[in-house]
Number of protein chains: 2
Amino acid sequence: MEAAARLFREKGYTATSMRDLAQAVDLKASSLYNHISGKEGLLREICFNNAHRFHRELDQIEIREDSAEAKVRALIHLHIQVATEDITSITAFNDEWRHLTEPHLSEFIAQRKSYESRFRSIIEAGMKDGSFKVFHANIALYTIFSAIRWIYDWYQPGKSISMEQLEEEISGLLLNGLNADTTFQIL
Amino acid sequence: MEAAARLFREKGYTATSMRDLAQAVDLKASSLYNHISGKEGLLREICFNNAHRFHRELDQIEIREDSAEAKVRALIHLHIQVATEDITSITAFNDEWRHLTEPHLSEFIAQRKSYESRFRSIIEAGMKDGSFKVFHANIALYTIFSAIRWIYDWYQPGKSISMEQLEEEISGLLLNGLNADTTFQIL
DNA sequence: CCTACCGATCGGTAGG
DNA sequence: CCTACCGATCGGTAGG
């Protein structure tokens, strides 16, 4: 599954053949089928394992008696953590989930929407208590999600920037942006 | 090319067949070849047309006698503008350029790196003159790029949020984050 | 513009 | 685990 996730990430799901995957794990393509159900089964496991993980972690964060700001910070921490340590998450969340077939595609989209909705509620709580000075929770939500997407492609652990620095600076940039008192004017 | 970009975006380059594309423009697959050189030629044109457009616009922005902040604002405006109005740009910049073959792939990556480098220089100028309080230009750079990626997927013009509001809020979030005086503490 | 068709490659199976 | 092989589909061409 790790090899599959890596290939799906590098070449895309459709462009990755079972022969490519077999070569990556030193087997012939036909031998893979003693271990897995098929190509889509791999993608399915990668996507749903990750969806479950994010929901489980969000459960923990929601329960806390923390401020909305602390919860958003914990979520940013979670997304950065997972993005830097687990290649399968990148595959699952970025684009390859599109290649799931029904009914799994709809099920995945539903889980994704549910996660977004729970995240959005936390942002809305922060808007209500005055700690986030934004007008549209969705914009903040998707900006946060996206701001973490590039990390896997670009970040090389141990090279010039530590993970702590990386996380501190991204969190700072996003949370300062959310908190800022002054509204910027266009022009 | 528009139909191709739309399909590449929806299904991915590899998963889009010439039969799919032919159907989208009401032809048979073989007839497409009277108009185009082939599947990769389409991708190539989409990618390089967009690369040229971004470089051209950046030329104009660099020339101005503006502050670094005003230049970054103009670049954010450019990226949001293009993302909301031109589907081919989404295809080109998000993921599908990976499927270019050599030597075009290397050429595209080189142009992309050049664009990033010029953008980074503007951010660095803003760090030097004290208007951006960040430590690593790269983090700011990639966060800005990524923050605009989700727009096409999600934004529906005219529905609840206007383009002006969208742009103002994203720019505000990013520029406030860059400007913020207080450094956030982890924990 | 079309019909007819090509060699290559795909995901997957049979059988041992 | 492998070799051998399947039907389907791919990008693209020939010929009119």
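Labels below follow one simple rule: chain letters A, B, ... track the order of the sequence lines, proteins then strands, and each chain is numbered from 1. Given the structure is predicted, the values throughout are model-derived calculations rather than measurements.
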For the CZ atom of B:Phe8 and the CD1 atom of B:Ile87, what is their distance to the nearest 0.5 Å?
11.0 Å

Contact list please: residues 14-21 of chain B against DNA chain D, heavy atoms, distance less than 4.0 Å, in numerical order.
B:Thr16, B:Ser17, B:Met18, B:Arg19

If you measure from the Lys or Arg side-chain nitrogens to the Asp or Glu carboxylate oxygens, is any gap between A:Asp95 and A:Arg149 under 4.0 Å?
yes

First of B:Asn34 and A:Tyr13 reached from the 5' end of DNA chain C, by closest nucleotide:
B:Asn34

Quick test of your reading of the model: are B:Asp153 and A:Arg112 salt-bridged, counting only N-O distances below 4.0 Å?
no

From CA spacing to verdict: ring-ring contact (aromatic ring centres under 6.0 Å, His included), A:His79, A:Phe54:
CA-CA 9 Å; A:His79 279 254; A:Phe54 274 92; 4.9 Å; yes

Salt-bridged, B:Glu124 to B:Arg120, with N to O below 4.0 Å?
no

A:Phe145 ring center near A:Phe93 ring center (under 6.0 Å)
no

With a strict under 4.0 Å distance from non-hydrogen atoms of chain B, what nucleotide opens and what nucleotide closes the contacted stretch of DNA chain D, reading 5' to 3'?
D:dC10 to D:dT13

Output, in order, the C-alpha distance, side-chain angles, deciding distance and verdict of side chain to side chain donor-acceptor pair (under 3.5 Å) for B:Tyr13 and B:Glu40.
CA-CA 9 Å; B:Tyr13 174 76; B:Glu40 205 207 325; 5.6 Å; no

Hey, are B:Glu62 and B:Arg118 close enough for a salt bridge, meaning a charged N less than 4.0 Å from a carboxylate O?
yes

Among the clusters formed by ILVMFWY side chains lying less than 4.5 Å apart, do B:Ile46 and B:Tyr152 turn up in the same one?
no

Using 4.0 Å as the upper bound for N to carboxylate O, is an ion pair formed by B:Lys11 and A:Glu96?
no

Per-nucleotide pairing state of DNA chain D [Watson-Crick or G-U, under 3.5 Å; [ ] pseudoknot-crossing; | other strand]:
||||||||||||||||

Does B:Leu27 reach a base, just sugar-phosphate, or nothing at all? Heavy atoms under 4.0 Å.
sugar-phosphate

